[in-house]
Every structure is written in C-alpha cells, then in structure tokens.
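Whatever order the structure lists ligands and atoms in, that order sets their numbers, starting from 1.
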Amino acid sequence: MKEIRLPSVVDFYISSPEQPNTMELEINKLTANIFKSHRETCQFRVEELQALQWKQFTREEVMVYQCKSIEEMWERCACRLTDAIQYVVEFAKRIDGFMEFCQNDQIVLLKAGSLEVVLVRMSRAFNQENNTVFFEGKYAGTEIFKSLGCMDLVTSMFDFAKSLCTLHLSEEEVALFTALVLINSERQWLQEKAKVERLHTHVDMAFKRILLRNRRDGLLSKLFQKMAVLKLLCAQHIEKLRAFRQLYPLIVHSLFPPLYKELFTCDTDLQTVIE
Ligand SMILES: CC(C)CCC(=O)N[C@H](Cc1ccc(NC(=O)CCc2ccc(Cl)cc2)cc1)C(=O)N1CCC(C)CC1
C-alpha cells in the first residue's frame, strides 16, 4: 500500500514548474491579487511621485505654512492622514479572504494596522536626497510642519521613511509587505484567529517566494526589524492625538474626518467604513 504523503509547505518550495501543485496555484493567485489590490489603491503611482519630487515649496510658501495655527495644521494633516487610511481600507477589502473574516476581525485588523501601512507606503512619497515628503501637491521638509507642535514625531516619521528608502523596495515588495502587516493574526481581540493565521501564512509564503526568486532574501528580516519602529510611530500618533484632543476637543469633534476619529479613538466603531 503506497503511503500517501500530503503536500507539505516544503513541497511547495521544491515543486517544479512542470507540475505545479494546488498550493502553488493558490499562492500564485493570491500574489497576483495583492499586486493588483496595491496598484488600484496606492493613491499615487511611483512614477507620478517621482515626476513631482522636485516640485518644492518656495521659501514664501514655507513661511505661510509655518504661520498657520496649530489647529489648522492639525486639521490639514488629519485630512491627509484620513485620505491615506481610506485607501488602505480599500486595499484590505480587495485582498482575497479579507472580506470573509467576520466584521469584528476586519475592524480589529484595520484599527491596528492601517496607520502602519500608511507609514510604510509613505516611503514611496519620500525624497531621500533632500528629506522631503509629498504634501498638498509639492514636496515638504520637516520645517513646514513646525506649527503642529510635534516635531519629534514628524522627525521620527521622516527618519523612518528614509530608512525604508535605503531598502529600495519594489512596488511588489511594498504590496506584499503591507498585506503581511495588515493580516496579522497576533492582533488582540481577534475572534477567528485561525482564519487570519491561514491567510497570513499564505501571504508569508507568497512574499518569501518572491524574495527567493528576486534573490532578495534577508530583506524580510530587515523589514521585521523596522516593525518595532512602526509600532512606536503609531503609539506616538495616538498619544499626540490624545494630547491635541485635550487642548482642542471641539476641533477634533467637529473638524476631524470621521474615519480618523473611528480609527484612533475608542468611542466610535469602524462599521461605516467597511460597508
Ligand atoms: C502620496 C502617498 C503615496 C502618500 C500619502 C501619505 O502618506 N500622506 C501622509 C499621510 C499622513 C499625514 C499625517 C501624518 N501624521 C502627522 O501629521 C503627525 C501629527 C498628527 C497626528 C495625528 C493627527 Cl489626527 C494629525 C497629525 C502621517 C501620515 C501625509 O500627508 N504626510 C506624511 C507625514 C507628514 C507629517 C505630513 C504629510
């Protein structure tokens, strides 16, 4: 009686192109789906961002920004941040399997991961030659954000974007890495952890296969070292927003986009955004 051997993950890595097994086909499909979802929801193509990267704010424009009130700058940045998050929500919804998670888990994954994904994607809009980031149509240095009153956070965000730029991530690598960051089965309060874990494993296999193929092994460990900084930046965002809300409760209540309030404050739910 021939012993029946179930295809293991190892088989997946050693299977030859002639007879791809079902796991191989499933990973191929997921890889293509994640690339497509990223392309459709990345807000700006890299080519567009590169074409704009020498459009700098003039000294006068910088002065104008620096004279704006703290309330106005916060409101502008909150709008930009909500924009970026909305695209990340759309990215998640297009990943095969994400909409099959229960509502609670979709919200838990987005609350915990969407800002992390925004900060990874931000490196695509960062010009490491002169430390500027795309903001309201041109590239801005940290000095523009002075009136936010949180230059420590802004500086750490710029440093993080710069450190990601040195890895020269391709769009495919950004797509797979941000999918991996979002579909994280270690997030607290997940109800169907096993389901999230299964999709996470498949995205992990897809990413590892692409890295092997492009001889970029070693990148994943470098990226995971960056995860600690990512978590810190997100915690700082929540802490700065709370401090700002203490000072200007009406601004946050009236002017901040609803999505931002839902994602980073515990009082409302993300229900509206998923539908
Ligand atoms: C073009 C795309 C490919 C890239 C699109 C993109 O990443 N846009 C980001 C979104 C963004 C906006 C603001 C922040 N954080 C802060 O401003 C810190 C203080 C803070 C905290 C909380 C609230 Cl509510 C408000 C302000 C993070 C990210 C963007 O517009 N940026 C990058 C970061 C600088 C500081 C502002 C300009």
Side-chain angles (χ1 to χ4, degrees), residues 38-53 55-57 61-62 65-66 68-91 111 113-128 131-162 164-165 169 171 174-175 178 181 229-230 232-249 251-265 268:
H38 171 75
R39 271 198 311 276
E40 291 168 350
T41 64
C42 63
Q43 206 171 353
F44 291 82
R45 288 198 328 278
V46 175
E47 300 74 40
E48 289 169 317
L49 291 164
Q50 269 156 2
L52 288 164
Q53 74 172 359
K55 265 190 83 179
Q56 311 278 321
F57 285 112
E61 286 169 323
V62 172
Y65 273 113
Q66 292 179 331
K68 287 186 187 306
S69 69
I70 181 170
E71 299 95 314
E72 186 182 342
M73 267 320 269
W74 265 80
E75 196 205 328
R76 283 172 181 253
C77 289
C79 287
R80 294 284 64 75
L81 186 38
T82 303
D83 260 0
I85 288 173
Q86 250 144 356
Y87 281 95
V88 172
V89 171
E90 201 42 49
F91 171 59
K111 266 188 180 266
S114 57
L115 179 56
E116 289 179 354
V117 172
V118 165
L119 295 174
V120 170
R121 284 179 160 200
M122 195 176 107
S123 61
R124 298 162 69 255
F126 189 76
N127 176 352
Q128 64 172 341
N131 284 343
T132 55
V133 74
F134 185 70
F135 175 69
E136 297 189 344
K138 292 187 179 180
Y139 275 73
T142 54
E143 69 281 354
I144 276 203
F145 304 102
K146 205 162 57 87
S147 55
L148 274 177
C150 53
M151 281 315 276
D152 48 345
L153 172 54
V154 172
T155 309
S156 339
M157 275 197 293
F158 274 56
D159 293 345
F160 179 73
K162 193 178 182 82
L164 273 189
C165 285
L169 296 176
E171 282 298 275
V174 172
T178 49
V181 165
V229 179
L230 215 40
L232 189 73
L233 289 175
C234 292
Q236 283 178 295
H237 265 78
I238 291 166
E239 180 250 318
K240 295 289 178 193
L241 175 62
R242 201 167 284 137
F244 180 79
R245 230 170 94 166
Q246 291 290 329
L247 290 173
Y248 306 95
I251 296 277
V252 175
H253 183 73
S254 58
L255 295 179
F256 272 34
L259 180 80
Y260 197 92
K261 272 185 278 184
E262 290 177 339
L263 274 176
F264 296 95
T265 49
T268 53

Side chain, backbone, both or neither: [X] near ligand 1, heavy atoms under 4.0 Å:
X      : value
Phe145 : side chain
Ala140 : neither
Arg124 : side chain

Give the residue and atom name of whichever protein heavy atom lies nearest to [atom], and the separation in Å to one decimal.
atom                    : result
atom 35 (C) of ligand 1 : Met157 CE, 3.5 Å
atom 6 (C) of ligand 1  : Ala84 CB, 4.3 Å
atom 5 (C) of ligand 1  : Gln43 OE1, 3.7 Å
atom 22 (C) of ligand 1 : Tyr260 OH, 3.2 Å
atom 13 (C) of ligand 1 : Cys77 O, 3.8 Å
atom 28 (C) of ligand 1 : Leu81 CD1, 3.7 Å
atom 32 (C) of ligand 1 : Met122 SD, 3.4 Å
atom 19 (C) of ligand 1 : Cys150 SG, 3.8 Å

For [X], atoms of ligand 1 separated by under 4.0 Å from a heavy atom:
X      : answer
Ala78  : 24 (Cl), 25 (C)
Trp74  : 20 (C), 21 (C), 22 (C), 23 (C), 25 (C), 26 (C)
Leu241 : 24 (Cl)

Worksheet item: Nearest 0.5 Å, what's the CD-CG distance between Gln128 and Leu164?
Response: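 Separation between the atoms: 10.5 Å.
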Worksheet item: Rounded to the nearest 0.5 Å, what separation is found between the CG atom of Leu169 and the CZ atom of Arg124?
Response: 10.5 Å
Worksheet item: Within a strict 4.5 Å, meaning less than it, do heavy atoms of the Cys77 and Phe135 side chains meet?
Response: yes
Fill in: Any Leu81 side-chain heavy atom under 4.5 Å of Val118 side chain
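With C-beta onward as the side chain, the pair touches.
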Flag, side chain of [X] to backbone of [Y], donor-acceptor distance under 3.5 Å:
X      : Y      : value
Gln66  : Glu143 : yes
Tyr139 : Leu49  : yes
Glu48  : Arg45  : yes
Ser114 : Lys111 : no

Worksheet item: Protein heavy atoms: any of them under 4.0 Å from atom 16 (C) of ligand 1?
Response: yes
Item to complete: Check the surroundings of atom OH in Tyr248: do more than 12 heavy atoms from other residues, nucleotides or ligands lie under 6.0 Å from it?
Response: yes
Worksheet item: Are any of the N or O atoms of His237 closer than 3.5 Å to those of ligand 1?
Response: yes
Discussion item. Is there a salt bridge (Lys or Arg N to Asp or Glu O under 4.0 Å) between Asp159 and Lys162? Walk through the geometry before answering.
Written reply: CA-CA 5 Å; Asp159 293 345; Lys162 193 178 182 82; over 6 Å; no
Worksheet item: Do the numbers put Arg121 on top of the ring of Tyr87, so that NZ or CZ is under 6.0 Å from the six-membered ring centre and no more than 45° off the axis?
Response: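 Output no; distance or angle outside limits.
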Discussion item. I'd like the name of whichever of Tyr87, Phe158, Phe44, Phe126 reaches closest to atom 1 (C) of ligand 1 through any heavy atom.
Written reply: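 Closest candidate by heavy-atom distance is Phe44.
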